[in-house]
Amino acid sequence: MKITPQRIHTIQEMLTMRAATTTKVGFVPTMGYLHEGHLSLVRKARKENDVVIVSIFVNPTQFGPNEDLSRYPQDIERDIVLLKEVGVDIIFTPNAESMYPERFQTYVDPLGLLVTEVEGAIRPGHFRGMATIVLKFFNIIKPTNVYFGQKDAQQALIVEKMITDLNLPITFNVEPTVREKDGLAMSSRNVYLTPDERKAAAVLYKALQKGKEIFDKNLDKNVDIVRDAISEILVSEPILSLEYIEIRNSQTFEKHNKLAAPSLMLIAVKIGKTRLIDNFLLQPNGTWNTGRLV
Ligand code: AMP
């Protein structure tokens, strides 16, 4: 029998609950409108912990003024049903007023390439808001293990670095990107796509696959070979506009000149009003993490 997760709305209730828990706590932060990508993190947390906590909070401080905060999709009842299926213990859903009360004025401000370049360059302030809310949740929930998705590679790197730099007693875990049958990375934002846009969106995965193929055949050559191959495929889709194709050292986030492991191939496009991001990871041992199709 599946037990209905306990829903906790207030920070005080969450702190009290946590104080009464002495076993391993796994935590998955989300913005809700859950899909199989989120659930894969929750399943992993379920396997490795005694208590599993999922937060659902659309964090205002990580949205830019022209971004989609006011229309971000939400369906808490559906999310609860999905989380019950996976066997979550606690769903933490605080409101924005309690997380950011009047006169809130302390932020976590990560520095360096990871926040100023690639996604950081396009979404100034995004990672500051993200790091701030993630640290707040870590302080309230005091998790043993936390689970993030490879889909948001730059976010995962920033959180991992924050845990190390600030000596947080937390084990960081990153899980592969979960993809639709045609390879499109699952995202709550995919719901914005019209049927034509949704069809076109499959080109991101195709482009990354081509990039991987060219990468493997041209080790030690200039990265432009891969960038050009990815670009050619992306621009073949006329309704899509390209934001970036980046090839970075997956540990330092420095630009790669030559094709070598470890590496992250990151792409971002806009289809209509919707931004989509995706990446493939070439691990230090030379194997690719390209995610998995469901
Ligand atoms: P979000 O609700 O978009 O803030 O995402 C919450 C967590 O789920 C983040 O760690 C994301 O990286 C992760 N996530 C989102 N989409 C996917 C996906 N398709 N596969 C794996 N993890 C994902």
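Every number for a ligand or one of its atoms is a count from 1 in the order of the listing. Small disclaimer: the values here were computed from a predicted structure and weren't measured.
- In terms of protein heavy-atom proximity, atom 22 (N) of ligand 1 is closest to Gly149 CA, 3.5 Å.
- Heavy atoms of Gly291 come nearer than 4.0 angstrom to ligand 1 in no pair at all.
- At least one heavy atom of His38 sits closer than 4.0 Å to an atom of ligand 1.
- Both the sub-6.0 Å distance and the 45° axial angle are not jointly satisfied by Arg227 relative to the ring of Tyr244.
- Heavy-atom separations between Ala156 and ligand 1 are all 4.0 Å or longer.
- For His35, the heavy-atom gap to ligand 1 drops under 4.0 angstrom.
- Heavy-atom proximity to atom 23 (C) of ligand 1, evaluated over Glu36, Lys151, Arg189, is greatest for Lys151.
- Short contacts between ligand 1 and Thr30, defined as distances under 4.0 Å to a heavy atom of the residue, involve ligand atoms 2 (O), 6 (C).
- Within ligand 1, counting atoms from 1 as listed, the ones closer than 4.0 Å to a heavy atom of Pro29 are 6 (C), 7 (C).
- Annotation for Glu67: atom CD counts as buried by contact number, over 12 foreign heavy atoms lying within 6.0 Å.
- In terms of the side-chain hydrogen bond (donor to acceptor under 3.5 Å, both in side chains) criterion, residue partners of Arg7 (sequence neighbours excluded) are, by chain and number, Thr93.
- The distance from the CD atom of Glu119 to the CZ atom of Arg275 is 4.0 Å, given to the nearest 0.5 Å.
- Of the options Glu175, Met186, Arg179, the smallest heavy-atom separation from atom 19 (N) of ligand 1 is shown by Met186.
- For ligand 1, the atoms closer than 4.0 angstrom to any heavy atom of Met31 are 1 (P), 2 (O), 4 (O).
- Scanning the protein heavy atoms around atom 20 (N) of ligand 1, the nearest turns out to be Val178 N, 2.8 Å.
- Counting protein heavy atoms only, atom 11 (C) of ligand 1 is closest to Asp152 OD2, 3.1 Å.
- Checked against the 6.0 Å centroid criterion, the rings of Phe215 and Phe280 do not qualify as a close aromatic pair.
- Counting heavy atoms from C-beta outward, Leu208 and Thr290 have side chains that stay 4.5 Å or more apart.
- For ligand 1, the polar-atom distance check finds no N/O of Leu41 at less than 3.5 Å from any of the ligand's N/O atoms.
- With respect to the salt-bridge test (charged N to carboxylate O, under 4.0 angstrom), the residues Arg248 and Glu117 qualify.
- Below 3.5 Å of separation, one finds no N or O of Ala185 facing any N or O of ligand 1.
- Considering only non-hydrogen protein atoms, atom 21 (C) of ligand 1 sits nearest to Pro176 O, 3.5 Å.
- Looking at residues two or more places apart in sequence or on another chain, you find a side chain to side chain contact (heavy atoms under 4.5 Å, CB included) between Pro262 and Asn249, Ser250, Gln251, Pro284.
- Note: Tyr107 and Tyr100 have parallel aromatic rings, judged against thresholds of 30 and 60 degrees for the angle between ring planes.
- Residue Tyr147 holds its OH atom at 3.5 Å from CD of Glu48, rounded to the nearest 0.5 Å.
- Against a heavy-atom cut-off of under 4.0 Å, Gln155 is close to the following atoms of ligand 1: 9 (C), 10 (O).
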